[in-house]
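Remarks on the structure that follows.
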Number of protein chains: 2
Amino acid sequence: MMETNGYDTYSCPVGKTIELISGRWKPIILYLIQHGINRFGSLQKKMPKISRKVLTEQLRDLEKQGLINRDVRVSKHPQEVFYNLTDTGLSLRALIDQIFEWGAANLLDETSQKKAKSLMLDQAEE
Amino acid sequence: MMETNGYDTYSCPVGKTIELISGRWKPIILYLIQHGINRFGSLQKKMPKISRKVLTEQLRDLEKQGLINRDVRVSKHPQEVFYNLTDTGLSLRALIDQIFEWGAANLLDETSQKKAKSLMLDQAEE
DNA sequence: TCAATAAGTTACCAAACAGTAACTATCAAC
DNA sequence: GTTGATAGTTACTGTTTGGTAACTTATTGA
């Protein structure tokens with residue numbers, strides 16, 4: 001019987017993956033970016049309850065984790081910053097969709113399901 | 001263009017689902033319980049780094065969330081407590097497996113992959 | 001009667017995380 | 001040269017989470 005030093009969060013792929021999308025806002029941010037809401041300001045507008053500080057932190061985290069790119073265009077009037085998903089980010093998004101499906105099926109009452117659906121984006125909108 | 005009050009974590013099925021398996025140890029606990037490690041003491045042995053306090057808290061959470069049942073057998077010598085997955089818990093486990101797959105494929109180097117695989121359980125063991 | 005085992009509980013402390021509000025930098029238009 | 005927009009940063013504060021260590025309850029077996 002193999003001797004191990006046991007399970008712990010930080011050696012577990014599940015723990016690590018969940019870390020990527022913890023920080024509370026990250027799944028939503030990834031979702032919005034994928035759907036063309038990819039500026040700091042427009043992200044803020046879609047998530048009125050997040051503070052600039054936390055939004056910055058989360059975006060920096062996602063960048064460090066290799067899930068998004070930060071693309072600054074200085075050439076323009078006020079500097080513009082665009083975010084977009086990396087390949088890893090995109091593949092994680094697919095996983096998040098599965099999590100969404102499970103949650104929608106198992107956790108939400110009907111009213112909430114409608115509300116959630118009403119927030120789904122088909123393509124970029126401002 | 002529909003007016004909404006925006007996205008936030010607590011109305012999002014993804015956020016709610018992630019909450020279920022946050023608390024750091026919960027995915028591991030669910031995994032172990034499913035594989036027959038279903039006593040307080042044997043769970044502790046498999047996770048040497050969790051404290052009794054936190055283990056108790058996590059188990060109570062999982063119970064409240066309807067993912068596990070707590071089953072006390074007083075008839076025996078010292079009281080025995082068994083935990084097992086509910087149907088919801090089982091279906092969540094399937095989701096966690098998908099998270100595991102993604103994490104193993106995208107996050108771990110080879111050595112860690114081997115370590116993770118070495119911890120996988122096929123059936124109950126002590 | 002005393003120690004051991006199972007499964008906790010309690011009080012206390014430290015670190016991590018999140019929120020508020022004020023401040024910064026850059027450029028363009030007026 | 002002041003205002004306004006974009007995209008932040010910083011200092012401070014409060015809440016949540018997790019960790020340690022000592023204590024608890026119930027029962028069995030020596």
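- Between the CD atom of B/E80 and the C1' atom of D/dA26 there is a distance of 13 Å, given to the nearest Å.
- Within the cation-pi definition used here (under 6.0 Å to the ring centroid, within 45° of the axis), A/R70 does not qualify as a partner of A/F82.
- Atom-to-atom, CZ of A/R52 to P of D/dT6 comes out at 12 Å; the value is rounded to the nearest Å.
- One interatomic measurement links the two molecules: CH2 of A/W25 to P of C/dC17, which rounds to 17 Å at whole-angstrom precision.
- Nearest to the side chain of A/R70, among D/dG8, C/dG8, C/dA18, sits D/dG8.
- Counting only heavy atoms from C-beta on, B/S51 has its side chain closest to D/dT20 among D/dT20, D/dA7, D/dG18.
- Which of D/dG8, D/dG19, C/dT20 sits closest to the side chain of B/K53 comes down to D/dG19.
- Distance from the side chain of B/F40 is smallest to C/dA7 among C/dA18, C/dA7, D/dG19.
- Taking all atoms of both residues into account, the shortest heavy-atom contact from A/T86 to A/G66 is OG1-O, 2.6 Å.
- Counting any heavy atom pair closer than 4.0 Å across all strands shown, B/Y83 reaches sugar-phosphate atoms only and no base atom.
- Between D/dG8 and A/R39, no contact under 4.0 Å exists linking OP1 or OP2 to a side-chain N or O.
- In this entry the distance linking CD of A/E57 with C1' of D/dT10 reads 11 Å, nearest Å.
- Rounded to an integer number of Å, the gap from CG of A/D61 to P of C/dA16 is 14 Å.
- Applying the salt bridge (charged side-chain N to carboxylate O under 4.0 Å, His left out) rule to B/E57 yields the partners B/K53; only residues at least two apart in sequence or on another chain are considered.
- For the atom pair CD (B/Q58) and CD (B/Q65), the distance works out to 9.0 Å, reported to the nearest 0.5 Å.
- How far CD of B/Q79 is from CZ of B/F40: 11.0 Å, rounded to the nearest 0.5 Å.
- A/K45 places its NZ atom 9 Å from the P atom of D/dA7, with the value rounded to the nearest Å.
- When rounded to the nearest whole Å, the span between CG of B/D8 and P of C/dA18 equals 14 Å.
- Taking atom CZ of residue A/R73 and atom P of nucleotide C/dA28, one finds them 17 Å apart after rounding to whole Å.
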